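Both counts, for ligands and for their atoms, begin at 1 and track the order of listing. Just so you know, these numbers come straight off a predicted model, no measurement behind them.
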Amino acid sequence: MLKDAKHIFKLDPAKEISDEDLEKIAESGTDLILVGGTDDVTEDNVLYALSRVRRFSKSVALEVTNRNAVMPGFDHYFIPSVFNTSNIKWQHGLMLEALEEYSHLIDYEDISMLPYIILNEDCKAFEKAEAKPVTADELPHYIDMVDKLYKAEYLYIEYSGIYGDPEMMDIVRNHADNTHVIYGGGISSKEQAREMSQYANTIVVGNIIHEDVKKALRTIIK
Ligand code: 1GP
């Protein structure tokens with residue numbers, strides 16, 4: 001589902017957005033709205049986000065970070081799997097627990113695993129996922145592992161909250177031969193969107209939609 005998407009707006013269900021701003025986001029040229037966040041994601045706020053976005057024709061997917069906040073009605077579901085974690089729980093432990101509970105309800109056509117490498121050591125996701133720092137020397141091996149051993153469909157390079165390091169992204173680009181690379185973190189201008197689009201197949205724009213919708217809209221460079 002992400003393969004055709006060049007640009008995604010990530011809507012955090014725990015953060016506020018006015019109806020007017022949401023309409024601008026949903027009626028923009030973005031390819032997909034991805035509902036997801038790290039903290040305070042609940043059944044109530046995910047349902048509220050879904051019902052608000054569903055008034056528009058834009059595709060909407062859920063990134064599952066709380067298995068108690070999963071519901072039908074999204075076009076697709078992404079299950080994050082952190083590869084630079086020191087605790088297996090965040091790579092596949094939670095996924096396994098969710099399968100034990102929900103496997104009878106799951107249509108695997110509608111679900112994709114989303115391997116993550118979290119590179120911003122100061123972001124909430126890094127802390128929550130008990131992630132380990134990744135050096136420039138280690139990064140090629142992480143990418144080769146995801147791309148050539150796991151042969152994963154997707155790889156999400158996460159800098160949530162800060163703009164990423166182009167040199168690290170260059171390593172990603174040079175090693176991801178088949179995996180579809182998604183970049184997210186700190187994009188708030190057309191120039192940044194353009195730069196990161198050179199390294200990734202898809203860029204994700206998050207926080208700025210809750211802070212300055214005009215700036216957010218300028219990140220759509222198609
Ligand atoms: C967060 O990668 C996304 O998961 C987007 O990051 O909020 O910094 O834009 P920002």
Side-chain angles (χ1 to χ4, degrees), residues 1-2 5-17 21-22 24-25 28 30-41 45-46 49 53 60-66 69 74 76-85 90 94 112-131 134 146 154-166 168-169 172-173 176 179-221:
M1 149 158 245
L2 281 184
K6 295 260 173 256
H7 183 282
I8 291 177
F9 277 133
K10 194 167 186 175
L11 182 69
D12 188 333
K15 289 186 185 160
E16 294 200 358
I17 185 165
D21 287 356
L22 186 69
K24 286 180 184 152
I25 292 298
S28 71
T30 194
D31 299 301
L32 175 74
I33 293 181
L34 181 61
V35 174
T38 305
D39 285 336
D40 306 318
V41 174
N45 60 28
V46 171
V53 175
V60 55
L62 178 67
E63 185 175 54
V64 179
T65 50
N66 173 0
F74 286 91
H76 204 78
Y77 299 81
F78 291 99
I79 316 291
S81 169
V82 179
F83 273 63
N84 61 317
T85 181
W90 303 107
L94 291 177
S112 304
M113 184 177 87
L114 205 46
Y116 263 74
I117 297 176
I118 307 176
L119 294 180
N120 175 8
E121 294 167 29
D122 295 320
C123 74
K124 279 188 265 174
F126 189 93
E127 189 187 348
K128 188 169 181 187
E130 298 171 65
V134 177
V146 173
Y154 302 111
L155 169 61
Y156 196 125
I157 304 294
E158 177 67 289
Y159 273 96
S160 181
I162 60 165
Y163 187 63
D165 177 349
M168 293 293 263
M169 290 307 298
V172 175
R173 178 176 60 180
T179 299
H180 183 105
V181 175
I182 301 149
Y183 167 86
I187 293 180
S188 61
S189 71
K190 183 180 275 195
E191 293 69 32
Q192 290 173 334
R194 199 166 271 146
E195 181 173 39
M196 283 304 159
S197 295
Q198 295 171 23
Y199 304 114
N201 304 94
T202 303
I203 57 164
V204 178
V205 175
N207 224 7
I208 195 75
I209 67 175
H210 299 279
E211 287 172 359
D212 186 336
V213 80
K214 271 193 197 152
K215 278 192 179 175
L217 293 170
R218 285 191 214 116
T219 65
I220 303 168
I221 51 171

Open item on the list: Suppose I only count heavy atoms of G186 and a 4.0 Å limit; which atoms of ligand 1 are within that range?
Closed with: 8 (O), 9 (O), 10 (P)
Task: G206-ligand 1 polar pair, N/O distance under 3.5 Å - done: yes
Task: L32 and its side chain to side chain contact (heavy atoms under 4.5 Å, CB included) partner, picked from V204, V60, T202, I8 - done: I8
Open item on the list: Within the 4.0 Å heavy-atom shell around K10, which atoms of ligand 1 are there?
Closed with: 1 (C), 3 (C), 4 (O)
Task: Euclidean distance, N201 CG relative to H180 NE2, rounded to 0.5 Å - done: 4.5 Å
Task: ligand 1 to G161 polar contact by distance, N or O atoms, under 3.5 Å - done: yes
TODO: Please indicate whether any nitrogen or oxygen in S160 is less than 3.5 Å from any nitrogen or oxygen in ligand 1.
DONE: no
Task: Which residue and heavy atom of the protein sit nearest atom 7 (O) of ligand 1, plus the separation - done: N207 N, 2.8 Å
TODO: Write out the residue and atom name of the closest protein heavy atom to atom 1 (C) of ligand 1, then the distance separating them to 0.1 Å.
DONE: E158 OE2, 3.4 Å
Open item on the list: So if I count the atoms of ligand 1 from 1 in the order they appear, which ones are less than 4.0 Å from some heavy atom of G184?
Closed with: 2 (O)
- [ ] Report yes or no: does T65 contribute a side-chain atom to a donor-acceptor pair with the main-chain N or O of T38 at less than 3.5 Å?
- [x] no
TODO: Only counting residues at least two apart or in another chain, list the ones meeting ring-ring contact (aromatic ring centres under 6.0 Å, His included) with H210.
DONE: none
Open item on the list: Is the ring pair Y77/F74 parallel, tilted or perpendicular, if the boundaries are 30 and 60 degrees?
Closed with: perpendicular
- [ ] Just jot down the ring-ring contact (aromatic ring centres under 6.0 Å, His included) partners of Y156, sequence neighbours excluded, or say none.
- [x] Y116
Open item on the list: If I take atom OG1 from residue T30 and atom NZ from residue K10, how far apart are they, to the nearest 0.5 angstrom?
Closed with: 13.0 Å
Task: Structural part of Y156 in contact with ligand 1, heavy atom criterion under 4.0 angstrom - done: side chain
Task: N or O contact, V204 vs ligand 1, cut-off under 3.5 Å - done: no
